[in-house]
Chemist: 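If you scroll down you'll find the structure; I have some questions about it.
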Number of protein chains: 2
Amino acid sequence: MAKIRDVAQEAGVSVGTVSMVLNHPDYGSPAIRQKVQAAVEKLQYVPSEMARNLSLKRTMTVGVIVPTVAHPFFAELVEGLEESLYHLGYKTMLCCTQQKENAEHVFIEMLQRQNMDGIIMGAHSLDTSLYQGLKQPIIAFDRYLSPDIPIVHTDHMVGGRLAAEAFLQHDCHHIVEISGSQMVKTPAGEYHQAFNEVMHAHGVQTDIVSLPWNSFGFEEPLLLAEKIFDDFSDVDGILGSDVSVMACLQVAVRRGIKVPEQLKLVAYDGTILTQNGIRKLTAVRQPIDELAKVAAQKIVSIINGKQDDLSWVLPPTLISGETC
Amino acid sequence: MAKIRDVAQEAGVSVGTVSMVLNHPDYGSPAIRQKVQAAVEKLQYVPSEMARNLSLKRTMTVGVIVPTVAHPFFAELVEGLEESLYHLGYKTMLCCTQQKENAEHVFIEMLQRQNMDGIIMGAHSLDTSLYQGLKQPIIAFDRYLSPDIPIVHTDHMVGGRLAAEAFLQHDCHHIVEISGSQMVKTPAGEYHQAFNEVMHAHGVQTDIVSLPWNSFGFEEPLLLAEKIFDDFSDVDGILGSDVSVMACLQVAVRRGIKVPEQLKLVAYDGTILTQNGIRKLTAVRQPIDELAKVAAQKIVSIINGKQDDLSWVLPPTLISGETC
DNA sequence: GTGAAAGCGCTAACAC
DNA sequence: GTGTTAGCGCTTTCAC
């Protein structure tokens, strides 16, 4: 593996010259540049990123932390982040915290070890104290980590109202809401709040049932769906995440409950999951790609010392489907 | 940010001692170790990974290259790889090639720049010549890259036969197969071969239609599904990837074609997509988690100089569902 | 057992 | 404009 010194020797110039020619497009005379390029080609020289990193004290890498990537919401998100970061010149280090003991600690430490220039934190965290003293660039994705950590998320108040309006057009009387864990306060949790306000103003009964913390699998929602139909025989509307509502649809069909005649369903997230089944779900869609783009741009700004706002909020949209 | 030199000073020992104490569990006297630990705590010292990387000439990072992660198959795969790599002490650099001009080049170069210790290549490649001269550790996931590059994949011959048997139990006469692009030869493509052999031996007519190269979205399969029903009015069985077959199911239901009475469907891959809809699809499931685990173990072996076999093949299973 | 010093490969400030 | 050289922070060999 050729090093810069070899190139310098081959080109008959000094190491410094080679470095400058390689990193600064308008350094040196054409003749010198030519010689250096030739030597690079001949020796098939490729600079060592490790050495550059140490020298420049940066890695051009951003850590993306999510609970899991085997979930349509996070899959879309990670795809969007990777793409945006790539075009900004950054690499993506993927970290999934679910299934791993205490992985959050480890990933935060990776940040401190300067393995990454910054991180985008999309995983739930029970212990937000971890983030208090952090000096490194960090952005929270739909999470409250610390008052001084910038956050990007959907306007869930609007989301909640969109969902409410969808149900209100169909004269529902008893709506069950499936929420994530109540243990941790997230922006996403707030759509229930906005939703409830509207529903109660219209005299509609609502109940909330919760999934366990950090549950992003497909089994628990199915169990919960069964429980909902067992416990609330008069339910005529359900609001919850894509996965939860898909589970309800599945169970409802199995039980012979007609959708949307007897039961209205609105999915919150609006990932591809709601669009590629037999029935397209009515859904409030989070602008995942745009959120990803903003998060990527912002983390890069912060890395470059250009911190501005502490919060970026993008509006969701309603996708009309066949279930409400 | 405290450095090793500061720790040494604080502890009243030399830099070398600190390094040794930190990296070798049984180096030094308890007293010395104690002093060093205390200094580390006091200064909140965290070693710089960049410096270690340069010094040790490795990054403990593996690049995972896939077309996209916003697709259930690759999402599960990436999740599995990240998890396995994590437990082997490696970090995961995510690279998605779809949507990016010529990203394969860039990622291969990242490998050469020693940004990653090795890569697991799961993306289609039209230009396999890129891989000919590569000296760095690399493993192909369900792809033929070069004769000397190890490969891990499902036993697609078995997969093809499993699918065939599923159809044969139901007396089909005309089966349409949806395949990926014919432009690039992949192990996965071979299940069609095995499938056809069995079907033809039983006198069943088969037709193959193809998706474009590198198509992993959800739109094209829908168009193709429409086309299949238009072109082959007597089709009574369809075999294809999860996404393709889901699309067919969707279109079939819309057209009033009864599944499974009039049309049998078998999905190849068996991701979660086939299990969480209203109808569970009958599917040939690739052992994604196991494949991921093997791929992770093997790339680490190769990084550590322990290359053994050139190919690892794991068997798929049939998941019986409601569509065949 | 411990400390000094020579790298690891590259960048950029600073002389010439 | 070009070359020399001192870092970047850590690891480890090699004397003591």
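Bear in mind the structure is a predicted one, so any value in this text is a computation, not a measurement. Chain letters run A, B, ... following the sequence lines, proteins first and then strands; every chain starts at 1.
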Chemist: With a non-hydrogen cut-off below 4.0 angstrom, is Val13(B) in contact with a base, only sugar-phosphate, or nothing?
Modeler: sugar-phosphate
Chemist: Taking donor-acceptor contacts at under 3.5 Å, does the side chain of Ser55(B) reach the base of dG7(C)?
Modeler: yes
Chemist: Using a cut-off of 4.0 Å on non-hydrogen atoms, how would the nucleic acid contact of Ser48(A) be classed: base, sugar-phosphate, or nothing?
Modeler: sugar-phosphate
Chemist: So which atom in Met121(A) and which in Leu145(A) form the shortest heavy-atom distance, rounded to 0.1 Å?
Modeler: CG-CD1, 3.6 Å
Chemist: Think Lys57(A) has a side-chain N or O under 4.0 angstrom from the OP1 or OP2 of dT11(C)?
Modeler: no
Chemist: Angle between the end axes of the helix from dG1(C)-dC16(D) to dC16(C)-dG1(D), five pairs per end, to the nearest 10 degrees?
Modeler: 50°
Chemist: What's the CE-P distance between Met50(A) and dC8(C), to the nearest Å?
Modeler: 12 Å
Chemist: Just by distance, no angles: are the side chains of Thr154(A) and Gln286(A) close enough, under 3.5 Å, to form a donor-acceptor pair?
Modeler: yes
Chemist: Using a heavy-atom cut-off of under 4.0 Å over every strand shown, decide if Gly28(B) touches base, sugar-phosphate, or nothing.
Modeler: sugar-phosphate
Chemist: Calculate the interatomic distance between Arg52(B) atom CZ and dG9(C) atom P; express it in whole Å.
Modeler: 17 Å
Chemist: Pick base, sugar-phosphate or nothing for Val15(B), based on heavy-atom distances below 4.0 Å to the nucleic acid.
Modeler: base
Chemist: Respond yes when some side-chain nitrogen or oxygen of Asn23(B) is under 4.0 Å from OP1 or OP2 of dT12(D), and no when none is.
Modeler: no
Chemist: Looking at Arg52(A) and Pro47(A), what are the two nearest heavy atoms and their distance?
Modeler: CD-CB, 4.3 Å
Chemist: OH of Tyr27(B) versus P of dT13(D): gap in Å, rounded?
Modeler: 11 Å
Chemist: Nearest to the Ser19(B) side chain among dT12(D), dT2(D), dC10(C), which nucleotide is it?
Modeler: dT12(D)
Chemist: Return the value, rounded to whole Å, for the distance between atom CE of Met20(A) and atom C1' of dT2(D).
Modeler: 10 Å
Chemist: Is the distance from OP1 or OP2 of dT2(C) to the nearest side-chain N or O of Ser29(B) less than 4.0 Å?
Modeler: yes
Chemist: Under 4.0 Å between a side-chain N/O of Lys3(B) and OP1 or OP2 of dG9(D), yes or no?
Modeler: yes
Chemist: Will you find, in the side chains of Thr97(B) and Glu104(B), an N or O donor that is under 3.5 Å from an N or O acceptor?
Modeler: no
Chemist: So, Asp309(A) versus Ser311(A): side-chain donor-acceptor pair below 3.5 Å or not?
Modeler: no
Chemist: Is the distance from OP1 or OP2 of dT2(C) to the nearest side-chain N or O of Ser14(B) less than 4.0 Å?
Modeler: no
Chemist: Would you tell me if any nitrogen or oxygen in the side chain of His24(A) comes within less than 4.0 Å of OP1 or OP2 on dT11(C)?
Modeler: no
Chemist: Nearest-Å distance, NZ (Lys35(A)) to C1' (dG1(D))?
Modeler: 12 Å
Chemist: With a 4.0 Å cut-off on N to O distance, would you call Glu83(A) and Lys100(B) a salt bridge?
Modeler: no
Chemist: Using the rule given for ring pair (Phe, Tyr, Trp, His ring centres under 6.0 Å), can you reason through Phe216(A) versus His124(A), listing the C-alpha separation, both sets of side-chain angles and the distance that settles it, and then say yes or no?
Modeler: CA-CA 11 Å; Phe216(A) 294 100; His124(A) 286 279; 5.8 Å; yes
Chemist: Nearest whole angstrom, please: distance from the P of dC10(D) to the CG of Leu56(B).
Modeler: 12 Å
Chemist: Can you confirm whether the side chains of Glu76(B) and Thr271(B) place a donor and an acceptor under 3.5 Å from each other?
Modeler: no
Chemist: With a 4.0 Å cut-off on heavy atoms, is Asn53(A) in touch with a base, just the backbone sugar-phosphate, or nothing at all?
Modeler: nothing
Chemist: Measure the distance from CG on Leu54(B) to P on dT11(C) and round it to the nearest whole Å.
Modeler: 12 Å
Chemist: When the distance from CG of Asp117(A) to P of dC8(D) is rounded to whole Å, what number comes out?
Modeler: 18 Å
